[in-house]
Structure formats: C-alpha cells, structure tokens
Enquirer: 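Pasting a structure below so you can have a look.
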Amino acid sequence: MGSLNSKQSEACRYTDGPLLILAGAGSGKTRVITHRIAYLIDELSVNPYNILAITFTNKAAKEMRERVDRIVAYGAESVWVSTFHSMCVRILRQHIECLGGKSNFTIYDTDEQKTVMKEVLKYLNLDTKMYPERAMLAAISKAKEEYVSPDQYEKRAATSYREQQIANIYREYQKRLQSNNALDFDDLIYKTIELFEHNPDVLEIYQNRFKYIMVDEYQDTNHTQFLLVKQLAAKYQNLCVVGDDDQSIYKFRGADIHNILDFEEEYPNAKVIRLEQNYRSTANILNAANGVIANNEGRKDKTLWTENEDGGKVTYTEYENEYQEAESVVNDMIEKSGQGNSLNDMAVLYRTNNQSRVLEEKLLMNNVPYTLVGGTNFYSRKEIRDMVSYLKVVANANDDLAVARIINVPKRGIGDTTINRAREFALLSEMNLYDVLLTPEEIPGIQRAAEKIHGFTRQIEGFRQFMADATLDELYEEILEKTGYKMQLEAEGTDEARSRIDNLKELKNKIVKYEEEAEEPSLMELLEEISLVADTDREEDTEKERVTLMTLHSAKGLEFPYVYIVGMEERLFPSGMAIDSDDMDAVEEERRLCYVGFTRAMKGLALSGAGTRMVNGTRIYSKTSRFIDEIPENLLIRRGISEPVSYEKRNWRNPEPQTSFSKSTSFPKKEKPYAGLTMSSPLISKGMPGQVVIDFAVGDTVKHLKFGKGTVTELVKTGTDYEVKVNFERVGEKKMFASLAKLKKL
DNA sequence: GAACCCATCATTTTT
DNA sequence: TGATGGGTTC
C-alpha cells in the first residue's frame with residue numbers, strides 16, 4: 001500500500017468497528033475505499049462475499065466495481081457493490097412476500113408517479129390548485145424518506161385539515177401502487193426497512209452476510225438510508241462511511257447532513273479519520289475554495305491542503321449580459337484548444353439548467369462540439385415508454401398504468417369511453433384493469449368494443465407464450481411486429497417517425513447488450529435495469545472531443561483541468577430562493593455547492609457573471625455573487641465592467657472583455673484595485689482583434705470550411721465583430737461570427 | 001383524435 | 001422566454 005499517504009493507509013487498515021472517513025474534495029476517497037476492500041480480502045482474508053459497498057449512483061457503483069476488480073487479487077466479483085436502490089430491489093425480490101407483496105413488482109419512475117397522483121386527485125375530487133400533484137408527490141416522498149406511514153402521517157397531521165387531506169392522498173396513492181403491484185423509488189428503501197423490522201430472521205441473514213459495510217457519499221444519505229445502514233450494521237458494527245459535509249448539496253431531496261455530523265454520537269466508539277490532502281487542484285484554486293467554505297458555520301473542522309504548485313490565479317470577469325459571457329467563455333475555450341488542450345479537459349458549470357441555452361447557441365455557432373449532461377432521458381421518450389409498457393404488461397399483469405397506456409396503441413379502436421368504463425368497473429369490483437379486460441362482456445356499456453378488447457388480451461397472452469422459448473430481444477421484435485407499432489411508424493415516413501424508429505432500434509441494442517451481460521437474463525431484471533439505471537450514465541462515445549456543459553450539482557464527483565463557472569450573481573448563485581429562505585442553512589448549502597464547483601478544477605478556474613440577463617422572460621439586473629467576495633483577494637483577478645453600460649459606450653471604450661485563465665501568478669505585483677472599465681484593458685492584448693475586417697456583403701457568395709458554398713443573406717455588426725447569416729447550398733441557413741467562421745469570398 | 005389556443009409557471013436530481 | 005397542460009374546435 002505504498003502508494004497511499006499515511007492517513008489514507010490508516011483508513012484502509014482500520015477495519016474493526018465504526019469508522020468515519022471525512023474525505024475532502026480530491027483527497028482520493030474512492031482509492032481509499034477500493035484499497036480498503038483489497039486490504040480486507042488480500043491481507044485479512046475476509047471472504048469477499050461478506051463485503052458490501054454502497055454508492056448512490058450507478059455510475060459510481062460501476063466505477064467502484066471496475067476498480068475493485070482491478071486491484072483485488074481473487075474473489076472481487078463476490079463483493080457486493082451496489083446502489084441503495086438496486087440493493088433493496090434484490091432483497092425485496094427475495095423476501096417481499098413476508099410483507100404481503102408480490103415478488104414480480106414493477107418499479108414506477110417519476111412520470112408514472114405523476115400519472116398515479118393525477119388519478120388519485122381526480123378520484124378524491126380535490127382541486128389541483130390547492131393540491132398540486134407535484135407538491136403532493138413531494139410531501140409523500142418526504143414522508144417516506146422519514147419513514148412515516150400514511151397512518152402516522154394522519155396522526156401527525158392532528159387538526160390541520162390540509163395535512164389530513166394529504167394523509168388521505170398518501171393512503172390512496174399507496175393503495176393504488178399496491179394494487180398495480182408497483183413500488184416507487186422511495187418505497188424500495190422504505191419497504192426494505194419495514195421488512196427487516198418485521199422479520200428479524202431475514203435481517204439476520206443479511207447482517208451475517210455483510211460483515212463489512214462501506215457507504216460512499218455518506219453526506220447524501222437520507223433518514224431511511226441511515227436507518228437501513230444502521231439495521232444492517234447493527235450486529236457486527238464494521239461500518240465505514242465516507243463523506244464530506246462540505247459537499248452536502250442534496251438537502252432538497254432529503255439528504256440529512258446530521259447523518260454525518262452526528263455519526264460519532266450514533267456510534268460513540270467511532271474512529272474518525274480526516275483526509276485533508278488534496279491531489280487534484282492547484283494551491284490557488286484550493287485556497288479560493290477554502291476561503292469560500294470557511295464562511296459556513298456548523299461544519300466539521302477541516303482544512304484541505306496541497307503540495308501542488310500555486311498555478312495561475314482564479315479569475316472573475318463581469319460581463320454586460322449573458323450573451324457576452326457565453327461568447328467569451330466559448331472564445332476562451334477555442335483559444336485553449338488552439339494551445340493544444342483537449343476539449344475534453346474543459347467544462348462549463350452553472351446553477352440552473354436554463355443557463356445552458358445561451359452557451360449551446362454560442363457553441364453551435366462556433367462549431368465547438370459539446371456534451372450536455374442532464375438532457376431528456378432516453379426512457380422518457382414516447383415510443384420507448386410504449387414499448388417498455390408492453391414489456392411491463394407481459395411481465396406484470398397487475399400494472400394498470402402500463403395496460404392503460406398501450407391498450408389503444410397502436411390504434412385498436414378502443415376509445416377513451418371504453419377504457420374509462422373498464423377502469424371504473426375495475427375500481428368498483430376491486431380488480432385489476434387487465435383482469436377485467438379478460439371478460440369484457442361483464443363490463444357495463446362496452447359491448448361494441450368487447451371483441452377488440454379480446455383481441456388485445458389475446459395478443460398479450462400470445463406474447464407471454466412466445467416468451468417461454470424466446471430470447472428477450474426476440475420477444476421485443478415480436479411485439480414490434482405483431483402490434484403493428486413498427487409498421488405504423490414506417491408508414492408515416494416523416495423525419496420524426498424515422499427518429500422514433502432509430503430509438504426503438506437503440507432500445508433493442510440495449511436489450512441485446514443486457515442479455516449478453518446478464519448471468520441469467522430475465523424480463524423482470526431487464527425492466528428493473530431500465531427503471532433503475534438512468535440513461536444519464538450511458539456510455540458516451542469517447543471518439544469525439546467535446547467540452548462538457550452541466551449544472552454544478554451534476555459536476556459532483558468529477559474533475560476537469562479547466563473549469564468555467566458562469567452566472568456568479570446574487571439571486572442566481574446563491575439562488576434567490578435560498579437567500580429568501582428563513583432556513584439559515586439554505587445559503588450555506590449554496591456555498592457548499594460553490595465549494596464543490598471550485599474544487600472540480602485542476603489547473604484553471606474562471607468565474608464570470610453578467611450584469612443583466614433574461615430570467616423567465618424578464619430582464620433582471622444583478623449584483624456580483626457574494627461568493628466572489630469571499631475568495632481571498634490575493635488569489636483572484638477581477639476584470640470586466642462594474643456596472644451595466646450601454647452598447648454604444650462599450651464599443652467606443654473597448655471591445656468585448658474576454659474570459660481567460662490567468663497565465664501565471666506573475667501578474668503585476670501592484671494589482672490595480674477593481675476599477676470598472678479600465679480593468680478590462682489588459683484583455684485587449686489577449687488576441688482579440690480591434691475590429692474584424694470582412695470583404696463580403698449581403699448577396700455575395702462565400703465559402704465555409706465545413707458547410708461549403710452559400711449566399712450571405714444578412715450582416716449585423718456586433719461590437720467589433722459581424723454576425724453573418726449565410727444560406728448554404730448543402731446545409732441551409734446558418735448564423736455565425738465573421739471572426740471565427742473564416743468565410744472566403746468567391 | 002388531431003390541431004390549435006390560451007394560461008400558467010417556472011432551482012438544484014438520483015433512483 | 002419557452003415548455004407544458006388543459007380545454008376547445010373542427
């Protein structure tokens with residue numbers, strides 16, 4: 001274990017009893033966990049079968065799995081590396097019968113939860129203005145995270161009418177999930193705790209199995225996850241949790257920072273080890289982050305340090321508006337790339353998703369390839385949901401939601417009225433929709449559609465039989481063909497239909513891949529993977545170089561040589577909601593988010609803000625984020641305008657300020673204090689030409705490197721540059737900047 | 001059942 | 001600004 005520092009090594013070797021590893025950003029925490037597992041197995045001869053490592057995301061689980069496989073000599077595959085949720089699914093599939101559930105349960109995702117909630121609210125005749133489904137789902141989720149049952153919720157509600165209503169909603173919602181034989185994400189954890197509580201014998205099986213338990217990102221655990229870990233570790237107490245309270249940024253989704261802050265109270269004999277040496281960032285970046293986070297109260301005392309060199313200073317540039325900010329960031333990345341840096345080494349981080357739009361625009365305009373993290377999920381596309389619903393119905397006939405979704409897709413002439421009557425009848429007779437549909441003659445008022453319904457159920461039964469001796473991808477193909485789903489799309493012939501067909505092919509690829517990788521492929525497990533493994537961690541094609549765009553939240557756990565954080569403005573970051581909140585911790589959580597953002601950067605950190613930007617359709621004017629002022633002045637270079645200035649004024653005074661990482665620490669010793677416009681003058685020398693010269697006009701034919709020949713249709717002067725609209729022969733109309741597009745007049 | 005129009009409402013996100 | 005959903009119309 002020579003490659004570990006003394007603290008890391010100590011953490012690996014302390015294996016008996018509770019251990020809290022406070023692992024600062026970039027302190028090599030994943031390495032410690034994996035080496036610890038290796039130590040247990042290789043040095044202490046612990047049976048790999050007795051080790052459990054829990055993570056939050058599939059991505060983290062996958063990464064840990066790979067690393068464990070790599071460093072453990074023998075038996076690595078027997079170590080249980082899992083997310084909380086998939087671990088619970090595995091346990092519940094085995095034992096949920098003890099709780100009166102069925103082991104072939106379906107897992108409902110957020111969209112399906114919404115559908116159920118809509119039905120519940122309708123059924124209870126509640127005004128969706130007073131009881132918005134989103135808020136209701138949030139309330140239920142919160143209750144479940146606190147391990148509060150509907151009954152307890154009602155008791156707690158006492159005299160509050162509204163709370164009592166919510167208790168009713170909660171109860172009805174659960175009733176429906178149960179009748180659909182479905183669990184939502186929170187249920188997975190909740191039910192597992194319940195299972196263990198009511199069946200100590202079952203719990204003991206797992207306690208004996210998991211003699212050594214490790215939990216990563218412990219600061220993100222919620223109360224139920226805390227309870228679950230506590231149950232599992234109760235017998236042997238060999239519990240090692242790793243986390244960093246300074247990186248707790250998920251309070252809004254139930255993460256309870258007290259789980260980590262009070263670990264020593266919960267486990268009085270706990271050993272605490274701090275990993276404070278950072279291996280990731282330059283000293284300047286790290287100290288800027290330290291300076292900011294020091295403003296938080298109520299955190300575990302620790303200070304990260306590094307042996308890395310100082311590096312360049314952190315920069316903060318203030319722009320007039322979001323367009324200039326985006327453009328400058330993009331230009332800077334292009335320049336960086338020209339200096340031999342890979343686009344993969346750069347990331348732009350922001351507080352809210354909608355900030356990506358401007359950036360995307362400018363990136364497209366300049367032909368800079370990028371990946372946007374956190375786009376729409378593959379599995380939430382209509383055609384995918386349809387096909388998955390078919391598979392779900394084949395696997396679990398009780399899933400009314402899935403049945404209702406596909407009963408008339410593609411069109412079978414079974415209309416809304418018919419479906420509604422069937423559902424009503426099912427509700428009254430306390431049967432599942434599908435069971436009612438098996439004998440449609442008994443449903444009042446739908447005689448005419450009866451034969452069509454028979455056609456549907458016969459088809460489903462046919463698929464079930466077909467499945468008996470077919471592979472999953474064959475089943476999938478069969479459904480696509482026999483239902484006419486594929487044919488219908490092919491007949492449409494539109495671009496949209498073609499893209500849907502592509503997506504359906506992609507789903508098939510995923511199914512085939514699953515079958516190749518799974519030990520014992522089953523329809524249920526496939527569906528489980530679809531629900532549990534978000535598409536966000538799909539394998540990205542590594543061929544192309546791209547810059548990364550994502551929220552600060554999704555950047556957690558990642559690192560990039562060059563990081564740009566845009567939108568450093570009061571009420572954007574920290575968010576207005578946090579500032580207005582009467583919860584003192586709200587701004588502190590934003591500050592932690594800031595800390596997370598800073599510590600993603602290895603070599604360069606460029607911060608920026610805009611004096612004004614469009615938010616929700618109105619233009620707002622902002623002050624600089626307080627976090628900027630919390631960075632020690634000697635580590636920071638400020639530049640840009642100090643207050644919004646009109647375009648005319650700016651053009652006349654000086655060109656676009658440009659974001660950039662400072663070149664080195666050898667900036668003029670006597671830094672001028674932050675002085676508005678004058679500060680941005682050094683930036684002119686940064687290779688920004690005074691005025692772009694062009695030799696073409698509207699109507700001229702020009703040639704572009706990639707797009708080929710085209711005609712200039714529009715020419716707009718923007719500051720020192722021109723925005724050129726060109727109608728290309730091959731690719732149609734494109735907008736671009738003259739300075740970057742390298743257009744040649746023909 | 002598709003197409004349209006108007007009103008509404010906007011953090012952060014994984015599973 | 002722009003996505004989304006409900007309601008109306010043909």
Side-chain angles (χ1 to χ4, degrees), chain A residues 54-61 82-89 107-115 118 122 128-129 132-135 137-138 141 144-145 183-190 192 216-217 220-222 224-225 248-255 322-323 349-358 361 373-377 379-380 408-411 413-417 492 528-537 550-557 567 571-581 586-587 589-594 596-597 613-620:
Chain A
I54 309 176
T55 64
F56 269 82
T57 64
N58 293 298
K59 200 172 155 193
S82 173
T83 64
F84 271 105
H85 295 267
S86 54
M87 172 179 84
C88 289
V89 172
I107 301 161
Y108 275 179
D109 66 18
T110 325
D111 283 348
E112 288 155 329
Q113 287 181 283
K114 267 191 205 152
T115 311
K118 265 186 205 150
K122 209 167 167 190
T128 48
K129 279 265 173 341
E133 71 203 36
R134 261 186 54 162
L137 283 171
S141 176
K144 287 183 183 175
E145 277 162 1
L183 299 179
D184 66 20
F185 289 127
D186 296 316
D187 283 338
L188 295 176
I189 318 257
Y190 189 110
T192 308
D216 194 12
E217 305 281 13
D220 290 340
T221 48
N222 64 30
T224 44
Q225 288 159 340
S248 160
I249 55 175
Y250 283 117
K251 189 179 179 184
F252 69 92
R253 69 172 198 216
E322 71 270 37
Y323 302 102
L349 311 182
Y350 37 81
R351 180 63 243 264
T352 64
N353 277 310
N354 58 20
Q355 288 173 261
S356 71
R357 178 169 287 120
V358 207
E361 262 169 39
V373 177
T376 344
N377 194 321
Y379 292 107
S380 57
N408 200 30
V409 177
K411 306 267 174 301
I414 305 173
D416 283 351
T417 337
E492 265 181 58
E528 191 174 304
E529 205 150 294
I530 290 175
S531 328
L532 244 38
V533 179
D535 190 46
T536 37
D537 28 62
M550 65 183 147
T551 62
L552 287 148
H553 280 92
S554 24
K556 193 163 81 135
R571 310 210 116 252
L572 180 58
F573 189 34
S575 75
M577 278 194 182
I579 293 172
D580 297 337
S581 164
V587 172
E589 176 138 323
E590 298 280 310
R591 190 173 282 112
R592 292 193 286 271
L593 188 56
C594 183
V596 167
R613 75 171 66 229
M614 268 312 215
V615 176
N616 299 343
T618 42
R619 185 148 287 284
I620 58 150

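In what follows, chains carry the letters A, B, and so on, assigned in the order in which the sequence lines appear, proteins first and then strands, with residues in each chain numbered from 1.
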Enquirer: Checking A:Thr83 now: which residues fulfil side-chain contact (heavy atoms from CB on, under 4.5 Å) with it, not counting sequence neighbours?
Expert: A:Thr55, A:Asn58, A:Ala61, A:His85, A:Ser86
Enquirer: Rounding to an integer number of angstrom, what distance separates B:dT11 and C:dG6 when you compare their C1' atoms?
Expert: 25 Å
Enquirer: Which residues pass the salt bridge (charged side-chain N to carboxylate O under 4.0 Å, His left out) test with A:Arg357, not counting sequence neighbours?
Expert: none
Enquirer: Taking only the side-chain nitrogens and oxygens of A:Asn222, find out if one of them lies under 4.0 Å from OP1 or OP2 of B:dT14.
Expert: no
Enquirer: Holding to ring pair (Phe, Tyr, Trp, His ring centres under 6.0 Å), I want the full list of residues that pass it with A:Tyr350, two or more places apart in sequence or in another chain.
Expert: none
Enquirer: Taking any heavy-atom pair under 4.0 Å as a contact, classify A:Thr618: base, sugar-phosphate, or nothing.
Expert: nothing
Enquirer: Before you tell me yes or no, could you show the steps for A:Tyr323 and A:Arg613 under side chain to side chain contact (heavy atoms under 4.5 Å, CB included), namely the whole-Å CA-CA distance, both residues' side-chain angles and the distance that decides it to 0.1 Å?
Expert: CA-CA 8 Å; A:Tyr323 302 102; A:Arg613 75 171 66 229; over 6 Å; no
Enquirer: Could you tell me the separation between the NZ atom of A:Lys144 and the P atom of B:dT15, rounded to a whole number of Å?
Expert: 18 Å
Enquirer: Please state the C1' separation for the pair C:dG5 and B:dT12 - nearest whole angstrom.
Expert: 24 Å
Enquirer: Can you list everything that forms a side-chain contact (heavy atoms from CB on, under 4.5 Å) with A:Ser581? Sequence neighbours excluded, please.
Expert: A:Asp583, A:Ala586
Enquirer: Who are the side-chain contact (heavy atoms from CB on, under 4.5 Å) partners of A:Pro410, not counting sequence neighbours?
Expert: A:Tyr390, A:Thr483, A:Tyr485, A:Gln488
Enquirer: For B:dT11, does the O4'-C1'-N9-C4 or O4'-C1'-N1-C2 angle fall within 90° of 0, making it syn, or is it anti?
Expert: syn
Enquirer: Tell me what A:Asn408 touches on the nucleic acid: a base, only sugar-phosphate, or nothing, going by heavy atoms under 4.0 Å.
Expert: sugar-phosphate
Enquirer: Which letter, B, S or -, goes with each nucleotide of nucleotides 2-8 of chain C from 5' to 3', with contact meaning a protein heavy atom under 4.0 Å?
Expert: SS--S--
Enquirer: With sequence neighbours excluded, tell me which residues meet side chain to side chain donor-acceptor pair (under 3.5 Å) with A:Gln225.
Expert: none
Enquirer: By side-chain contact (heavy atoms from CB on, under 4.5 Å), which residues pair with A:Thr417, not counting sequence neighbours?
Expert: A:Arg421
Enquirer: How does protein contact run along nucleotides 7-13 of chain B, one letter per nucleotide 5' to 3', with B for base contact, S for sugar-phosphate only, - for none, heavy atoms under 4.0 Å?
Expert: ---BBBB
